[in-house]
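When a ligand or atom number is given, it counts from 1 through the structure's own listing order. Keep in mind that what you see is a predicted model, and the values were worked out from it rather than measured.
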Amino acid sequence: MPAPNTPSKTSQVITRELHAWIAAERAQGHGHDTILQAMLYAGWEHQVAAEALTSTPPPPLPVPWPELASSHMRLDGGDRLVELTTVMREPDIIVFENLLSAGECEALIEAARPRLHRSLTVSVETGGEEVHKDRTSEGMFFTRGENALTQRIEARIARLLEWPIENGEGLQVLRYRPGTEYKPHYDYFDPAEPGTPAILERGGQRVATLIMYLQEPESGGATVFPDVRLQVVPKRGHAVFFNYSQPHRCSQSLHGGMPVLAGEKWIATKWLRESVFT
Ligand code: PD2
Ligand code: ZN
């Protein structure tokens, strides 16, 4: 189908009709470049066409979200009952209490400590990993099911969030010292970036994040959600969970780790994928 209306040279407005057309083209399996070319051919300016493409949200994916109807206060994690303190919808955010015991937090920290390195982020250009100025923590990854402790925690998370264990990345442990932070970002992989297709080969998109607090700092280090002006204060054993059905800013899943002011903050992050993570 040709791109809607032949725009005038002076005013090119991104309309709902244009968003709907882009969504329909994507649904037919046309990629970013094909759709862009069709728009340029129809007379859209490059900058407007590119903006229209990035501002059109992709279709929603299924996401983890626990069944809350029968028991609002507690969820069954299999080997542990986990309490809920805060539930928000759209964006979907839950704060869990006592997801991990103090002993589990300590054991994760001690197993991770000798393996810490300056944290890397996934490069959106190449799909590889790189040091990034917005992320000043130190971290390491366990492989999925690496030891009895990570297996137990992974099974608990899978049960709690009703999402297959195989769709989870290995646990990542991070240490933030005073002055370190993780600036606001999205955890999904931006579909417009060239490195994304390679990343998606290993289990599809990220659709949810669980940040577990292993050690609270003396001051600072809250996890923030700027779109909804929410701050979650780190407490040992507690966790914040959020999902994002669209890899797009409309998910309102922008979040960051505020600078730690005193003491050390330790977390373990579990990212959940659309399908089996290999
Ligand atoms: O440590 C945090 O609060 C934090 C903030 C944002 C962690 C992550 N993102 C993450 O691990 O993705
Ligand atoms: Zn994050």
Side-chain angles (χ1 to χ4, degrees), residues 63-64 86 88 91-96 99-100 105 108-109 112 116-124 129-142 144 150 153-154 157 161 168-190 193 196 199 203 205-244 246-249 251-273 277:
V63 289
T86 304
M88 180 185 278
D92 293 346
I93 302 173
I94 298 180
V95 180
F96 292 111
L99 197 155
L100 300 177
C105 293
L108 277 177
I109 289 174
L116 292 180
H117 294 287
R118 169 80 195 262
S119 295
L120 302 172
T121 45
V122 178
S123 164
V124 287
E129 290 190 314
E130 61 183 12
V131 168
H132 198 285
K133 66 172 175 27
D134 289 347
R135 193 180 197 191
T136 46
S137 55
E138 299 153 277
M140 56 77 66
F141 269 99
F142 291 103
R144 195 176 58 229
T150 59
I153 295 170
E154 283 161 0
I157 294 169
L161 301 176
E169 298 181 29
L171 282 174
Q172 185 195 46
V173 174
L174 292 184
R175 169 173 68 181
Y176 298 83
R177 291 179 145 144
T180 62
E181 65 182 315
Y182 197 172
K183 294 223 170 93
H185 59 274
Y186 298 97
D187 282 354
Y188 58 71
F189 304 110
D190 185 342
E193 294 292 346
T196 295
I199 298 169
Q205 263 295 352
R206 282 183 178 157
V207 288
T209 304
L210 178 73
I211 298 171
M212 294 167 277
Y213 302 107
L214 306 180
Q215 180 178 301
E216 60 216 50
E218 284 159 36
S219 153
T223 304
V224 289
F225 295 83
D227 291 338
V228 288
R229 300 197 179 95
L230 176 70
Q231 291 192 14
V232 179
V233 175
K235 290 267 175 248
R236 169 168 273 185
H238 294 197
V240 59
F241 167 75
F242 53 100
N243 66 27
Y244 26 95
Q246 288 160 293
H248 190 270
R249 55 183 182 261
S251 64
Q252 298 187 281
S253 64
L254 185 68
H255 65 289
M258 289 177 76
V260 167
L261 302 175
E264 286 185 1
K265 170 187 169 190
W266 287 75
I267 61 162
T269 302
K270 183 81 176 168
W271 285 295
L272 303 175
R273 297 289 191 109
F277 177 73

Closer than 4.0 Å to some heavy atom of [X] - which atoms of ligand 1 meet that?
| X | value |
| --- | --- |
| G257 | 2 (C), 3 (O), 5 (C), 6 (C) |
| Y176 | 1 (O), 2 (C), 4 (C), 7 (C) |
| D187 | 12 (O) |
| I211 | 4 (C), 7 (C), 8 (C) |

Q. Roughly, to 10 degrees, what angle do H255 atom NE2 and H185 atom NE2 form around the Zn ion (ligand 2)?
A.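 Value returned, to the nearest 10°, is 100°.
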Q: For K265 and Y176, indicate whether the former's side chain and the latter's backbone hold a donor-acceptor pair under 3.5 Å.
A: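 Checked: no pair found.
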Q. By atom name, which N, O or S atom belonging to D187 lies closest to the Zn ion (ligand 2)?
A.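 Atom name of the closest N, O or S in D187: OD1.
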Q | T209 touching ligand 1 at heavy-atom level, < 4.0 angstrom | A |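 No, T209 has no heavy atoms under 4.0 Å from ligand 1.
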Q | Side-chain heavy-atom pair V207, Y188 within 4.5 angstrom cut-off | A |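 Of all side-chain heavy-atom pairs linking Y188 with V207, none is under 4.5 Å.
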**Q.** atom 6 (C) of ligand 1: the protein heavy-atom neighbour that sits closest, reported with distance to 0.1 Å
**A.**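 Checking every protein heavy atom, the shortest distance to atom 6 (C) of ligand 1 gives H255 CD2, 3.1 Å.
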Q: Could you tell me the residue and atom name of the protein heavy atom closest to atom 3 (O) of ligand 1, and the distance to it rounded to 0.1 Å?
A: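 Result for atom 3 (O) of ligand 1: T223 OG1, 2.6 Å.
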Q | No-hydrogen, no-angle side-chain donor-acceptor test under 3.5 Å, T209 and Y244 | A |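 Yes, side-chain donor-acceptor contact under 3.5 Å.
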